[in-house]
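Throughout, numbering of the chain's residues begins at 1 and tracks the sequence.
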Amino acid sequence: MNILRLPVTALAWLGRQGTRALAVSIFLGLAVPQLAAYVKPHLGATVFILLLFSYLRTDPSAFSRVLKAPGLAILAALWVMVALPLLFGTAYALSGIRDAMPALYTILILQIAIAPITSSAAFAALMGLDVALSLVAM
């Protein structure tokens with residue numbers, strides 16, 4: 001095996017192990033808090049790089065197909081960015097979490113806002129859904 005093909009082969013293998021790698025990374029973060037603390041400052045760059053790889057792995061013709069008929073992508077974006085935060089934000093406010101546990105309330109609101117950005121394309125790919133639609137809607 002050519003030494004230059006080794007990184008490509010390793011990354012291809014890791015790409016096929018996405019679900020397992022996600023589970024292992026969560027377990028490692030919980031089991032080794034020092035490792036999680038070390039990696040925490042690099043989380044933003046890591047998310048950016050993973051998002052970039054999601055875009056690069058998507059077929060350009062799939063993007064053009066979604067962009068030619070953007071209705072579903074616009075509807076998905078409105079659902080994720082407007083409807084869900086309003087729905088859950090209202091439920092959290094009415095439940096009393098905002099007054100009883102303000103820190104938890106803030107975390108829950110941020111989780112609603114950031115979830116589509118960080119994971120929609122990855123979860124669409126893991127579930128065999130249309131990654132291009134997910135990326136365009138994001």
Side-chain angles (χ1 to χ4, degrees):
M1 175 181 277
N2 186 355
I3 192 74
L4 296 176
R5 292 201 37 89
L6 186 61
V8 173
T9 305
L11 286 174
W13 177 83
L14 185 60
R16 291 187 302 270
Q17 308 301 319
T19 306
R20 291 179 192 92
L22 178 64
V24 167
S25 68
I26 291 170
F27 175 75
L28 281 175
L30 293 172
V32 186
Q34 299 86 356
L35 178 63
Y38 176 75
V39 174
K40 185 177 179 180
H42 308 290
L43 187 60
T46 303
V47 168
F48 173 76
I49 290 169
L50 292 174
L51 184 59
L52 178 65
F53 285 150
S54 295
Y55 276 109
L56 292 175
R57 291 188 65 204
T58 304
D59 183 26
S61 64
F63 274 124
S64 64
R65 185 190 76 243
V66 172
L67 291 175
K68 285 180 184 175
L72 187 58
I74 292 170
L75 185 63
L78 287 173
W79 174 255
V80 169
M81 292 189 298
V82 178
L84 285 177
L86 282 174
L87 186 73
F88 280 93
T90 302
Y92 295 151
L94 292 175
S95 70
I97 291 176
R98 184 177 189 170
D99 298 324
M101 296 176 271
L104 178 62
Y105 176 76
T106 303
I107 290 169
L108 290 172
I109 293 298
L110 289 174
Q111 188 273 331
I112 291 170
I114 196 72
I117 295 171
T118 59
S119 60
S120 65
F123 282 119
L126 287 172
M127 294 187 295
L129 300 174
D130 189 356
V131 175
L133 174 63
S134 174
L135 289 171
V136 171
M138 183 178 50

Exercise. In Å and rounded to the nearest 0.5 Å, what is the CZ to OG1 distance from Arg98 to Thr106?
Worked result: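 If we round to the nearest 0.5 Å, Arg98:CZ and Thr106:OG1 are 8.5 Å apart.
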For this session: Would you give the length of the straight line joining atom CD1 of Ile97 to atom CD1 of Ile109, rounded to the nearest 0.5 angstrom?
Result: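 Atom-to-atom, Ile97:CD1 and Ile109:CD1 are 9.0 Å apart.
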Problem set entry | Residues forming a side-chain contact (heavy atoms from CB on, under 4.5 Å) with Ile26, sequence neighbours excluded |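 In terms of side-chain contact (heavy atoms from CB on, under 4.5 Å), with neighbours along the sequence ignored, Ile26 is linked to Leu22, Leu30.
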Problem set entry | side-chain contact (heavy atoms from CB on, under 4.5 Å) partners of Leu133, counting only residues at least two apart |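 For Leu133, the residues satisfying side-chain contact (heavy atoms from CB on, under 4.5 Å) (neighbours in sequence not counted) are Val66, Leu72, Ala73, Asp130.
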Exercise. Just wondering, are more than 12 heavy atoms of other shown residues or ligands nearer than 6.0 Å to OH in Tyr92?
Worked result: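 Counting other residues, nucleotides and ligands, OH of Tyr92 exceeds 12 neighbours.
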Linking I/L/V/M/F/W/Y whenever any side-chain heavy atoms sit under 4.5 Å apart, do [X] and [Y] land together?
X: Leu75; Y: Trp79; result: no
X: Ile107; Y: Leu84; result: no
X: Leu28; Y: Val39; result: yes
X: Leu94; Y: Leu87; result: no
X: Val32; Y: Tyr38; result: yes

For this session: List the atom of Gly29, the atom of Ala36, and the distance in Å for their closest heavy-atom pair.
Result: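 Gly29 and Ala36 have their closest heavy atoms at O-CB, 3.7 Å.
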